[in-house]
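Have a look at the structure below before the remarks.
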Amino acid sequence: MNQPTASMHGQWSGRLGFILAATGSAVGLGSIWRFPYITGENGGGAFVIVYLLCVALVGVPIMAAEIMLGRRGKMSPINTMAMFVREYRQHPVWRLLGWVGLIAGFMILSYYTVIAGWVMAYTVKMTSGAFVNSTSEFVKTTFDQFLQDPWALLFWHSLFTVITIGVVLKGVEKGLERSVRILMPALLGLMLLVVGYAINMGAFTRGFEFMFTPDFDKLTANAVLIALGHAFFTLSLGMGAIMMYGAYLNRSTSIMSAAITITAADTAVSLLAGLAIFPIVFANNLAPGEGPGLLFVTLPVAFGQMPGGVFFGSLFFLLVMFAAWLSAISLVEPAVAWMVESRGITRPKACAIVGGISWLLGIGTVLSFNVLSDAKFLWGTIFDNLEYLTSNVMLPLGGFFTALLVGWFLPKQFSHDELQLQNPFWYRVWFFVLRYVAPTLVFIVFLSAIGLFK
Ligand code: PHE
C-alpha cells in the first residue's frame, strides 16, 4: 500500500477560502432546523445561555485545535491521526479518534440527507403557493401528512444524497468557496426579512423573552448535555470535518481568527433562526416543543401571510437547502479522502460507496416518522437514536479527546507554532481553556447526564 501523501489533495485558493468553506460546513440544518427545535424542547432561555457558553468555552478552543491538527497532517482525519502517532510517538489508540469520527460522519449524513430532503420538498411546495393565507392548523396537518408518506421521504432523501455526492465527486475546492460567498449574505438577508416579519406580525416580545430570559429551574442535566452536543454539531466539530478542511489550509492564515469568524457566523444564523421562529410560534398558538418539524410548521405560516411570500418562501427554503448541502459535503469528504489516500479507490468510486452506505442507513430515519414510528428503543425511534448518539455522545467524545491530544499529549511547541498568536497572553488563555476548561466541562456534563439514566 502506498503511503498517502499530502500532495494528493488541493488547497483553498485565497486566505478567505478556508473560512468560507468551513463556514459553509458549520452553517446548515444545525443552525436553522436543529437549534430552534431543541431550544423549544428544552425550555428556551437557560438552554440558550448554556449553549452559548459551550460554544465559547468548548467550541472555539477545540475548533482551533482541530484546524491545527488538520493543517499539520494535510490528510483525511484517519491518516492525520496515524501521522501524529508515528511522528510524535503517540500511543496507537489515538488512531481511534479518526475512526470514530468517520463512523459518526456516516451516521449524521444518513439522517442529515433525510431532513435536507424535507427542505427540498418544501422548496417545491412553497413555489406552488400551497400555503398562501393558510392557518397554522393547515400547515401542521400538511406537514404531518407529508411525514406519513415513506415513499415521498425516500424520494427526497435519495435526490439530496445524489446531488451531494455529485458535487463531492468533482472535488471540494471548486465552486465551494464561491457558493458560500453568495449563499451566506443571501441567507442572512432572508433571515432578517423573516425576523422583520416576526417583529411586525408575530409575538416578538414573547419569542424574544422565551429565548433570552433564563429560568434555570427548568434546566435538566440532559438538557445541558444536549446544549453541549449541539455546540459540537452546529460547529461541525468532533468528527473530523473541520480537521479535513484544515488539511487544505495554507500556513499564512491565522487559525484563531478563522475559528472565531466561523463560530460568530454560525451563532448569528442560529440566533436569527430562533428570533424568526419563536414569535411565529407564539402568535399562532403553536407549541415551542413541537420537535423536528418546528421549522416546517412555523415558517410556511409566516410566508403564507407576507406579501411576496411565495417568492421569498421558496427562496428561503432553497437557500436552506444550499446551506445543508454545503454541510453535507463536509460530512462526506473525510471518508472519501481517506478511501482515496489509503485504499487506492478512485474518487468517483469512493463517493459512490459513501453515498450508498449513508443512503441505506437513511432509510431507518425515513421510516422513523411513519412505518416505524412506534418502534422505540433506548432514546426513541431510529432517528432519535442516531441523533442522540452522534450529537450527544460521539461528537463530544471526539472533541474531548481532541482537546486532550493537543492540550496534554502533543508538545506545547506544536500548538504554539501553529497558532502564531502575536500576543503571548492569548496563547496562554487558549491553552488553559483547551487543557483544563473544555475537557472538564465535557466530562462533568457527561457524568451528570449519565446519572439521569439510572
Ligand atoms: N454543522 C453542520 C450543521 O450545523 C452539521 C455538521 C456536523 C457538518 C458535523 C459536519 C460535521 O448543519
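These numbers were taken from a predicted model, which means no experiment stands behind them. Any value given below was found using the heavy atoms of this structure, including those in side chains, with hydrogens, waters and symmetry copies removed. We count ligands from 1, going down the list as the structure has it; atoms in each ligand are counted the same way.
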Short side-chain to backbone donor-acceptor contact, Thr253 and Leu249, under 3.5 Å: no
Region of Met239 engaging ligand 1 - heavy atom pairs below 4.0 Å: side chain
Closest approach of Pro36 to Phe278 (non-hydrogen atoms, all atoms of both residues): O-CZ, 3.2 Å
Option nearest atom 12 (O) of ligand 1 (shortest heavy-atom distance, choices Phe35, Trp33, Tyr112): Tyr112
Ser391, Ala324, Ala26: member with heavy atom nearest to atom 3 (C) of ligand 1: Ala26
Residue Ser330 vicinity, atoms of ligand 1 by number, heavy atom under 4.0 Å: 8 (C), 10 (C)
Any nitrogen or oxygen of [X] lying under 3.5 Å from a nitrogen or oxygen in ligand 1? Just yes or no.
{"X": "Ser236", "result": "yes"}
{"X": "Ala241", "result": "no"}
{"X": "Leu395", "result": "no"}

Check against ring-ring contact (aromatic ring centres under 6.0 Å, His included), Trp426 and Phe431: CA-CA 8 Å; Trp426 288 115; Phe431 195 70; over 10 Å; no
Intermediate values then yes/no, ring-ring contact (aromatic ring centres under 6.0 Å, His included), Tyr51 and Phe35: CA-CA 10 Å; Tyr51 159 73; Phe35 171 72; 5.0 Å; yes
Pair Tyr111-Asp384, side-chain donor/acceptor within less than 3.5 Å: no
Minimum-distance protein heavy atom relative to atom 2 (C) of ligand 1: Ser25 O, 3.3 Å
